[in-house]
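Structure first, commentary second.
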Amino acid sequence: MLLRMSTLFVRTLREDPADAEIPSHRLLVRAGYIRRAASGGYTWLPLGYRVFRNVERIVREEMDRMGAQEVHFPSLLPREPYETSGRWSDYGDNLFRLKDRRGVDHLLAPTHEEMFTLLVKDLYSSYKDLPLWIYQIQTKFRDEARPRAGLLRLREFVMKDSYSFDISDAGLDASYAAHRAAYIATFDRLGLDYVIVSAMSGAMGGSRSEEFLHPNEVGEDSFVRSAGEYAANVEAVRTPVPDPVPYDDAPPAHVEDTPETPTIDTLVALANERFSRGDRPWSAGDTLKNVLVMLAHPDGTREPLAIGLPGDREVDAKRLQAQVDPATVQPFTEADFTANPALVKGYIGPAALGEKSPSGIRYLVDPRVVEGTRWLTGANETGRHVFDLVCGRDFTPDGTIEAAEIKSGDQAPDGSGPLELARGIEIGHIFQLGRKYAEALDLQVLDENGKLVTVTMGSYGIGVSRAVAAIAESTHDQAGLCWPRGVAPADIHVVAATGKDPAVFEVAQRLAQELVDGGLAVLYDDRRKISPGVKFTDAELIGVPTIVTVGRGLAQGVVEVRDRRSDQRTDVPVVGAAASIHQAIPG
RNA sequence: CGGGGUGUGGCGCAGCUUGGUAGCGCACUCGCUUUGGGAGCGAGGGGCCGCAGGUUCAAAUCCUGUCACCCCGACCA
């Protein structure tokens with residue numbers, strides 16, 4: 001394949017586009033790979049589409065290699081299956097809904113669980129047909145509230161989604177493991193770093209779910225990892241539970257006047273001023289903060305919930321939400337306080353909380369609040385707090401909840417050391433769906449005893465367009481893009497480093513053609529009247545892994561071969577140059 | 001949905017405060033020169049100033065409304 005710069009449909013930009021902030025977005029636009037066509041929608045230009053197709057090809061090859069079979073669904077789908085599964089409404093505003101000319105509802109598919117399930121139901125009815133792994137590489141539509149960062153979050157994007165169908169839980173485990181291995185192989189080939197983090201699996205719980213995150217500060221997913229093996233989505237982090245503390249020697253709880261202390265900060269300051277203790281000053285971690293929220297359940301009922309946590313931590317809204325799903329968390333309003341007179345805002349203490357308390361409000365505490373721990377907390381009277389309130393002696397919560405924020409330095413639950421917080425781009429997600437869709441859509445097969453059993457499923461996604469952005473994000477440098485071999489738009493970029501000398505063009509042209517004949521994809525800068533400087537900067541911006549410069553070296557009978565990433569340069573003789581260049585390229 | 005910001009040629013921007021019929025750099029076209037690190041000179045083409053109302057003799061500029069886009073947050077396989 002020979003691409004000539006003189007005719008290639010591309011225009012490189014000298015300046016960064018104003019709306020691009022992150023490197024992949026900036027450089028993909030500047031180098032002429034993509035153009036914005038809509039909010040959350042990008043056009044692939046020839047260079048970009050070549051990269052896209054390379055990524056797609058690698059994903060496809062690894063899916064085929066594991067034994068999955070490719071199918072292809074429409075994106076425009078009827079409402080009915082999604083109505084049956086509940087997702088027509090559950091998916092919320094992110095679902096693109098539309099009507100046809102007869103007023104019939106349709107949607108643009110955000111994922112295809114329903115259709116895959118129905119397809120299998122349509123064709124298969126025996127355990128002998130399973131396991132089955134099928135996948136597609138498809139355009140997906142999601143009406144994202146806020147598309148952002150170029151290709152990172154789109155409203156129309158390409159995803160590889162595959163689905164496994166098994167008769168048993170053990171079979172699902174095996175299908176899941178097979179996908180996990182295929183994903184590892186895929187991302188390794190793409191040259192993308194990743195961490196595999198355990199993820200929350202939503203309302204059903206219990207099922208296994210892991211995300212492949214490419215660690216990068218522009219990513220939208222927060223995760224934690226330890227120096228050891230441990231890595232997890234922030235929502236999925238379990239707090240190590242401390243051992244109970246003996247409290248025989250603990251003084252009895254005592255209520256003190258603490259005027260004007262509605263916040264943790266003011267309380268700690270006052271405690272140190274008036275109630276200083278010998279061994280160490282009071283700190284936020286000595287206090288027990290009680291936060292109220294209102295849960296809205298899917299059936300429309302509302303339930304107040306009190307969360308007790310050490311005063312040096314905030315409630316993490318995402319972690320809390322993940323814990324209470326499918327209910328949603330709403331703020332506790334002034335009206336709610338009025339409706340619960342037992343709650344004294346700013347001075348709420350355990351005595352007023354709990355299902356057996358006067359308020360009847362369910363009271364869940366952070367796992368660190370174990371038996372024997374003693375706390376400085378609200379006394380349920382304005383301007384008063386209680387000291388030395390011992391958990392298990394003076395109050396008993398209704399249970400624990402993982403809602404406190406994770407802090408860098410917290411211990412990993414598996415004992416592998418302190419956690420570090422990081423950001424990542426979600427490039428893959430594997431998920432044991434279980435029987436949710438099979439039950440909703442009635443996918444059953446006969447087992448070996450002739451009995452109907454419900455099939456268990458897994459779903460597995462790779463964001464193809466997002467992977468392009470992630471690769472650009474992780475490989476670029478100051479001068480431009482810097483593609484790994486395998487996804488680059490070409491193998492070799494041949495630069496005729498002059499605007500006029502016909503001999504240079506002749507040699508460059510011949511060399512480019514020889515490389516093409518050898519099976520390589522070559523981008524050849526054959527532009528006349530373009531100064532060498534421009535060609536060099538363009539080559540660096542475009543980021544083909546090997547740049548061959550034909551120019552003044554010709555006088556000595558050599559051309560320069562340069563590695564884009566390391567900038568290492570070698571002169572090779574013109575005679576036999578194609579062969580030696582080809583040989584030097586791995587793969 | 002909350003907060004912030006921006007809409008002027010393909011791209012990046014100035015002009016707006018203080019109304020007078022649109023400008024700069026890059027890119028593009030033509031000519032001459034130049035040719036190993038975003039060349040020089042000269043001559044050109046291209047913009048109903050996001051849209052709709054209003055004020056005014058006159059609106060890119062002032063007023064009202066509206067739309068779009070970007071960033072932060074909320075939300076989100």
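A quick note: this is a predicted structure, and the numbers were derived from the prediction, not measured.
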Could you check whether [X] gets within reach of a base, just the sugar-phosphate, or nothing at all, counting any heavy atom under 4.0 Å?
X        : value
A/Arg26  : nothing
A/Ala18  : sugar-phosphate
A/Arg11  : sugar-phosphate
A/Glu540 : base
A/Ala149 : sugar-phosphate

(request) Among residues two or more places apart or on two chains, list those pairs meeting side chain to side chain donor-acceptor pair (under 3.5 Å) that have a residue in residues 29-40 of chain A. (result) A/Tyr33-A/Trp483
Please give the distance between the [atom1] atoms of [N] and [M] as a whole number of Å.
N      : M      : atom1 : value
B/rC13 : B/rG40 : P     : 22 Å
B/rA59 : B/rC69 : C1'   : 24 Å
B/rC26 : B/rU21 : C1'   : 27 Å
B/rG31 : B/rG20 : P     : 40 Å
B/rG25 : B/rU35 : P     : 25 Å
B/rG38 : B/rG54 : C1'   : 48 Å
B/rG7  : B/rA60 : C1'   : 11 Å
B/rC24 : B/rG15 : P     : 15 Å

(message) For chain A and RNA chain B, what are the first and last nucleotides along the strand, 5' to 3', with at least one atom under 4.0 angstrom from a heavy atom of the protein chain?
(response) B/rG10 to B/rA77
(request) In plain terms, say whether A/Arg435 and A/Glu439 are close enough for a salt bridge, that is, a side-chain N and a carboxylate O under 4.0 Å apart. (result) no
Counter-base of [N], judged by Watson-Crick or G-U geometry with both distances under 3.5 Å:
N      : result
B/rG7  : B/rC67
B/rC24 : B/rG12
B/rU56 : none
B/rU29 : B/rA43
B/rG2  : B/rC72
B/rG38 : none

Can you list everything that forms a side-chain contact (heavy atoms from CB on, under 4.5 Å) with [X]? Sequence neighbours excluded, please.
X        : value
A/His476 : A/Pro23, A/Leu27, A/Glu473
A/Ala539 : A/His493, A/Val495, A/Ile547
A/Arg319 : A/Val234, A/Val237, A/Thr239, A/Asp316, A/Glu402, A/Ile406
A/Leu441 : A/Thr84, A/Glu114, A/Thr117, A/Leu118

List the atom pairs, donor and acceptor, that lie under 3.5 Å between side-chain atoms in residues 7-18 of chain A and the rest of the protein, sequence neighbours left out.
from: A/Thr7; atom 1: OG1; to: A/Arg4; atom 2: O; distance (Å): 3.4
from: A/Thr12; atom 1: OG1; to: A/Asp538; atom 2: OD1; distance (Å): 2.9
from: A/Asp16; atom 1: OD2; to: A/Arg26; atom 2: NE; distance (Å): 3.3

(message) So if I apply the ring pair (Phe, Tyr, Trp, His ring centres under 6.0 Å) rule between A/His179 and each of A/Tyr135, A/Tyr460, A/Tyr163, which one comes out positive?
(response) A/Tyr460
Expected output is a numbered-order residue list: members of [range] with a heavy atom under 4.0 Å from any atom of RNA chain B. What is it?
range                       : result
residues 32-43 of chain A   : A/Arg35, A/Arg36, A/Ser39
residues 174-184 of chain A : none
residues 546-555 of chain A : A/Thr549, A/Gly551, A/Arg552, A/Gly553

(message) Before we go on, tell me: are the rings of A/Phe73 and A/Phe116 under 6.0 Å apart, centre to centre?
(response) yes
(message) On RNA chain B, does the nearest nucleotide to A/Ile427 precede the nearest nucleotide to A/Asp538 from the 5' side, or the other way round? Give the residue.
(response) A/Asp538
(message) Using heavy-atom distances to pick each residue's nearest nucleotide on RNA chain B, tell me which of A/Glu426 and A/Ala20 is more 5'.
(response) A/Ala20
(message) Show every salt bridge (Lys or Arg N to Asp or Glu O under 4.0 Å) that has at least one partner inside residues 539-549 of chain A, sequence neighbours left out.
(response) A/Glu540-A/Arg562
(message) Checking A/Asp193 now: which residues fulfil side chain to side chain donor-acceptor pair (under 3.5 Å) with it, not counting sequence neighbours?
(response) none
(request) Begin from the C-alpha positions of A/Arg423 and A/Glu220 and carry the test salt bridge (Lys or Arg N to Asp or Glu O under 4.0 Å) through to its verdict. (result) CA-CA 7 Å; A/Arg423 307 267 285 173; A/Glu220 316 189 276; over 6 Å; no
(message) Could you walk me through whether A/Glu144 and A/Arg146 satisfy the salt bridge (Lys or Arg N to Asp or Glu O under 4.0 Å) test, starting with their C-alpha distance in whole Å, then the side-chain angles of each, then the deciding distance to 0.1 Å, before giving a yes or no?
(response) CA-CA 5 Å; A/Glu144 292 285 351; A/Arg146 190 153 87 79; over 6 Å; no
(request) Answer yes or no: is there a donor N or O on one side and an acceptor on the other, between the side chain of A/Glu211 and the main chain of A/His429, under 3.5 Å? (result) no
(message) Between A/Arg466 (side chain only) and A/Glu426 (backbone N and O only), is there a donor and an acceptor less than 3.5 Å apart?
(response) yes
